[in-house]
Amino acid sequence: MKLTSINSLLLWLIIFTACSPNRSEDNLKVSKYCANEISLFSVPDSLQSIKIDYSLKPDSFFNTIANKLNKDLCWKMTSFGLKLNTSEPIKVQLFDKCEDGINRCGFRRPEVRILLNQTGKLMIERDIIPIDSVKYWIYKHFPNSVEYDLEEISFEWAIEANKDSIEKVFSNIIDGYLLKYEKLAKVSFSKNICNISKSQVDSLKSILPFKVRLGIKRIIKLPPIPSSEKLKTKYKLDK
């Protein structure tokens with residue numbers, strides 16, 4: 001009888017734990033990335049992670065994030081964690097060129113510009129490509145200090161852009177960086193990225209910091225695609 005009672009109690013605890021509303025949804029997710037990969041793009045403990053509404057107008061977008069982070073974003077580069085539905089939170093940056101009555105000289109940041117318009121078309125630098133090709137573009141062209149002086153990535157979307165498409169771009173940015181990290185790990189340490197040590201992961205971070213800056217626009221106009229030209233197909237990986 002005692003054994004039966006114990007078994008019944010264990011069964012009840014298992015059911016209760018599985019059905020408990022307090023159980024974190026994150027614990028139910030199985031990441032497609034290994035621990036080293038997550039470490040390369042994830043958020044350090046010192047930064048707060050938040051969800052954002054991709055459809056907010058620019059002023060509301062910056063104000064909402066400022067309120068969530070409890071920080072003044074005006075003319076400051078601010079880092080925080082962005083919670084995604086498709087992966088672990090990622091470290092991102094935000095720079096608010098607010099109107100404060102002070103004249104400032106403009107400058108071009110050393111960045112790759114990714115633009116996603118309201119119809120789902122994407123342009124990265126001068127190439128209009130499918131979203132799924134972004135990771136291959138990053139792998140092939142980034143970073144490039146000789147031709148483009150590119151050291152970080154800027155991603156801007158129109159307020160009417162589809163939320164799933166926006167998150168798909170973020171996933172491609174992550175995967176593009178990881179393709180570069182994988183190549184660096186093999187060249188530098190003759191190992192796959194998931195098999196290197198923590199100090200070697202830190203070395204990759206210093207060689208190629210994960211830098212993604214966010215932006216939002218009311219509308220994004222991309223150059224027309226000539227009728228004779230189709231969207232460029234996926235870039236091939238150079239083994």
Side-chain angles (χ1 to χ4, degrees), residues 24 26-49 77-95 108-114 122 124-127 129-155 166-214 232-239:
S24 171
D26 293 338
N27 293 334
L28 299 176
K29 296 179 181 177
V30 178
S31 177
K32 68 175 184 177
Y33 304 112
C34 69
N36 283 346
E37 290 175 322
I38 294 171
S39 175
L40 287 163
F41 67 78
S42 64
V43 187
D45 294 337
S46 58
L47 294 182
Q48 182 180 350
S49 292
M77 185 66 76
T78 304
S79 297
F80 62 96
L82 175 61
K83 293 182 179 179
L84 302 175
N85 292 328
T86 52
S87 77
E88 293 76 9
I90 65 170
K91 180 183 176 182
V92 295
Q93 296 178 323
L94 195 67
F95 188 74
R108 173 73 157 84
R109 297 188 63 84
E111 62 190 12
V112 172
R113 292 193 71 197
I114 299 177
L122 181 141
I124 179 167
E125 288 302 292
R126 294 176 291 274
D127 292 337
I129 62 175
I131 294 176
D132 284 337
S133 293
V134 168
K135 54 180 170 285
Y136 302 112
W137 193 101
I138 292 173
Y139 173 77
K140 186 172 183 179
H141 295 294
F142 177 81
N144 188 330
S145 59
V146 177
E147 184 178 355
Y148 297 110
D149 190 27
L150 304 176
E151 298 175 3
E152 55 191 72
I153 290 177
S154 167
F155 174 33
I166 294 171
E167 294 239 339
K168 194 174 182 180
V169 175
F170 279 121
S171 293
N172 267 263
I173 293 173
I174 292 171
D175 290 344
Y177 265 100
L178 291 178
L179 287 172
K180 298 295 295 190
Y181 287 132
E182 181 68 31
K183 185 174 182 178
L184 284 170
K186 289 180 178 178
V187 170
S188 302
F189 312 118
S190 300
K191 293 181 180 179
N192 293 329
I193 194 170
C194 294
N195 296 324
I196 62 177
S197 67
K198 183 180 181 303
S199 63
Q200 290 170 335
V201 170
D202 292 337
S203 178
L204 293 185
K205 289 180 182 179
S206 64
I207 295 172
L208 180 60
F210 185 87
K211 291 184 179 180
V212 179
R213 188 166 63 86
L214 309 185
K232 294 189 178 182
T233 55
K234 293 182 178 179
Y235 288 88
K236 293 181 180 179
L237 288 177
D238 298 324
K239 297 295 185 180

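As a basis for the values below, the full set of heavy atoms in this structure was taken, side chains included, without hydrogen atoms, waters or symmetry mates. Position 1 is the first residue of the sequence, and the numbers go up from there.
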Review point. Going through the checks in order, is the side chain to side chain contact (heavy atoms under 4.5 Å, CB included) test met by E111 and K211?
Key: CA-CA 9 Å; E111 62 190 12; K211 291 184 179 180; over 6 Å; no

Practice item. Carefully, step by step, assess I166 and F155 under the rule side chain to side chain contact (heavy atoms under 4.5 Å, CB included). Key: CA-CA 9 Å; I166 294 171; F155 174 33; 3.9 Å; yes

Point to revise | CA sep, side-chain torsions, deciding dist, call: I114, I153, side chain to side chain contact (heavy atoms under 4.5 Å, CB included) | key: CA-CA 7 Å; I114 299 177; I153 290 177; 3.8 Å; yes

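We find the CZ-CD1 distance between F142 and I173 to be 10.0 Å, quoted to the nearest 0.5 Å. The distance from the CG atom of D127 to the NE2 atom of H141 is 6.0 Å, given to the nearest 0.5 Å. In this structure, the separation between CG on L47 and CG on L82 is 12.5 Å, given to the nearest 0.5 Å. Atom-to-atom distance recorded for S49:OG and K83:NZ is 6.5 Å, nearest 0.5 angstrom.
Under the rule for a side-chain hydrogen bond (donor to acceptor under 3.5 Å, both in side chains), the partners of S199 that lie at least two apart in sequence or sit in another chain are S197. Residues that satisfy the side-chain contact (heavy atoms from CB on, under 4.5 Å) test with S188, not counting sequence neighbours, are absent from this structure. Every residue two or more places apart in sequence or in another chain that forms a ring pair (Phe, Tyr, Trp, His ring centres under 6.0 Å) with F210 is listed here: Y177. Here E167 pairs with Y54, L84, N85, T86 under the side-chain contact (heavy atoms from CB on, under 4.5 Å) rule; sequence neighbours left out. Listed by chain and residue number, E182, K186, N195 satisfy the side-chain contact (heavy atoms from CB on, under 4.5 Å) test with N192 (two or more places apart in sequence, or in another chain). By the salt bridge (charged side-chain N to carboxylate O under 4.0 Å, His left out) test, K91 pairs with no residue at all, sequence neighbours left out.
F189 is listed as a side-chain neighbour of L204, based on a closest heavy-atom distance under 4.5 Å. A 4.5 Å side-chain heavy-atom check between I174 and Y33 finds at least one atom pair inside the cut-off.
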Side-chain atoms of residues 37-46: list all donor-acceptor pairs with protein atoms under 3.5 Å, sequence neighbours left out, distances to 0.1 Å.
from: E37; atom 1: OE1; to: C34; atom 2: N; distance (Å): 2.9
from: S39; atom 1: OG; to: K205; atom 2: NZ; distance (Å): 3.2
from: S42; atom 1: OG; to: I38; atom 2: O; distance (Å): 2.7

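Checking side-chain atoms of E152 against main-chain N and O of V112 turns up no donor-acceptor pair under 3.5 Å. In terms of modelled atom types and a separation under 3.5 Å, the side chain of N36 and the main chain of V201 share no donor-acceptor contact.
The two atoms that bring P209 and S206 nearest to each other are CD-O, 4.0 Å, heavy atoms only. Pairing each heavy atom of K183 with each of Y139, the nearest pair is CD-OH, 3.6 Å.
Residue pairs meeting the salt bridge (charged side-chain N to carboxylate O under 4.0 Å, His left out) criterion with at least one partner in residues 171-181, sequence neighbours excluded, are K32-D175.
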